[in-house]
Amino acid sequence: EAGVTQFPSHSVIEKGQTVTLRCDPISGHDNLYWYRRVMGKEIKFLLHFVKESKQDESGMPNNRFLAERTGGTYSTLKVQPAELEDSGVYFCASSHLRTSGKNEQFFGPGTRLTVL
Amino acid sequence: GENVEQHPSTLSVQEGDSAVIKCTYSDSASNYFPWYKQELGKRPQLIIDIRSNVGEKKDQRIAVTLNKTAKHFSLHITETQPEDSAVYFCAAPGGTSYGKLTFGQGTILTVHP
């Protein structure tokens, strides 16, 4: 079974530019999450999709961030315009939609975003 | 919402020693507690998890204990090896079983040969 994949692995952009990150979840996983880890700090939640619907976007920092999951498969996270404080590693995770309490989330390798 | 505190932030041990990392959570509705290991430059990987109906779970050299009353859970690694060196994160879901995980701040574990 292929794991969660993310593209690109690294992105270096200048302040004010736009970047789009992509996540391909494990096939069949209806839950898709975006997280961010800023240097040396905890992994922080950004957004949760169930299929193509946004279930929880309480962690999105501001309206410069836009996430989509058209068709309920892969997802994109666009940052426009990027600011210095957006630098960090963006992780995507996916999990099965279960009726029981265990929600094992599988993480992708992350996209390291550097805004100069 | 859920708040997770993790200690210590760094932990240095000699090979063969035990390592213990502790986390506390705030939302009594949390019912699932995973631990992730992140090696340098790699993805976080689930190493063990525990449901709230269980007090302890063990998998070879790794164990997790849960105290629901006190709202804390701990990771125990015995007979540590250099390859155990990594950042370890605890997490809790809060009141939503299928939703976001709230992570602790992470513990950098270094195992010296």
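Sequence lines set the chain letters: A, B, ... in the order given, protein chains first and strands last, and positions in each chain run from 1.
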Tell me, please, which residues at least two apart from A/Asp30 pass side-chain hydrogen bond (donor to acceptor under 3.5 Å, both in side chains).
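Once residues adjacent in sequence are excluded, A/Asp30 has no partner under the side-chain hydrogen bond (donor to acceptor under 3.5 Å, both in side chains) criterion.
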With B/Tyr36, which residues qualify under side-chain hydrogen bond (donor to acceptor under 3.5 Å, both in side chains), at least two apart?
none
So which atom in [X] and which in [Y] form the shortest heavy-atom distance, rounded to 0.1 Å?
| X | Y | value |
| --- | --- | --- |
| A/Asn103 | B/Tyr32 | O-CE2, 3.4 Å |
| A/Glu42 | B/Gly104 | CB-O, 3.2 Å |
| A/Val4 | B/Arg43 | O-NH1, 3.1 Å |

Using the ring centroid of each side chain, check whether A/Tyr35 and B/Phe103 are separated by less than 6.0 Å.
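Aromatic pair counts; centres sit under 6.0 Å.
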Just verifying a value: how many Å separate A/Glu104 CD and B/Asp49 CG, rounded to the nearest 0.5 Å?
6.0 Å
Could you tell me the separation between the OG atom of A/Ser95 and the CG atom of B/Leu46, rounded to the nearest 0.5 Å?
11.5 Å
Check each atom of [X] against the heavy atoms of chain A and say whether the ones under 4.5 Å are side chain, backbone, both or neither.
| X | value |
| --- | --- |
| B/Val4 | neither |
| B/Pro44 | both |
| B/Ile108 | neither |

Tell me whether the count of non-hydrogen atoms from other residues, nucleotides or ligands lying under 6.0 Å of CD in B/Glu79 goes above 12.
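Counting neighbours around CD of B/Glu79, 12 or fewer heavy atoms of other residues, nucleotides or ligands fall under 6.0 Å, so no.
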Determine whether more than 12 heavy atoms belonging to other residues, nucleotides or ligands lie under 6.0 Å from atom CD of B/Gln60.
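No, because the 6.0 Å sphere around CD of B/Gln60 holds 12 heavy atoms or fewer from other groups.
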Spell out the residues in residues 64-74 of chain B that have some non-hydrogen atom less than 4.5 Å away from a non-hydrogen atom of chain A, in order of number; otherwise answer 'none'.
none
If two hydrophobic side chains count as joined below 4.5 Å and joins carry through other members, does A/Phe45 share a cluster with B/Phe89?
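Same cluster: A/Phe45 reaches B/Phe89 through Ile, Leu, Val, Met, Phe, Trp or Tyr contacts under 4.5 Å.
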Assigning hydrophobic clusters by single linkage (Ile, Leu, Val, Met, Phe, Trp, Tyr; side-chain heavy-atom cutoff under 4.5 Å), is B/Val87 placed with B/Leu109?
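No, B/Val87 does not connect to B/Leu109 through the hydrophobic network.
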Find out whether B/Gln38 and A/Phe91 are in side-chain contact, i.e. whether some heavy atom of one side chain is under 4.5 Å from a heavy atom of the other.
yes
For chain B, which residues from residues 107-116 of chain A have at least one heavy atom closer than 4.5 Å to it?
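Those residues of residues 107-116 of chain A which have a heavy atom under 4.5 Å from chain B are A/Phe107, A/Gly108, A/Pro109.
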Go through the atoms of A/Ser9 and report whether side chain, backbone, both or neither lie under 4.5 Å from a heavy atom of chain B.
neither
Please look at A/Gln6 and chain B and tell me whether the side chain, the backbone, both or neither of the residue comes under 4.5 angstrom of a heavy atom of that chain.
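No part of it gets close to chain B.
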Using a cut-off of under 4.5 Å on heavy-atom pairs, state which of A/Lys44, A/His48, A/Arg37, A/Lys41 scores highest against chain B.
A/Arg37
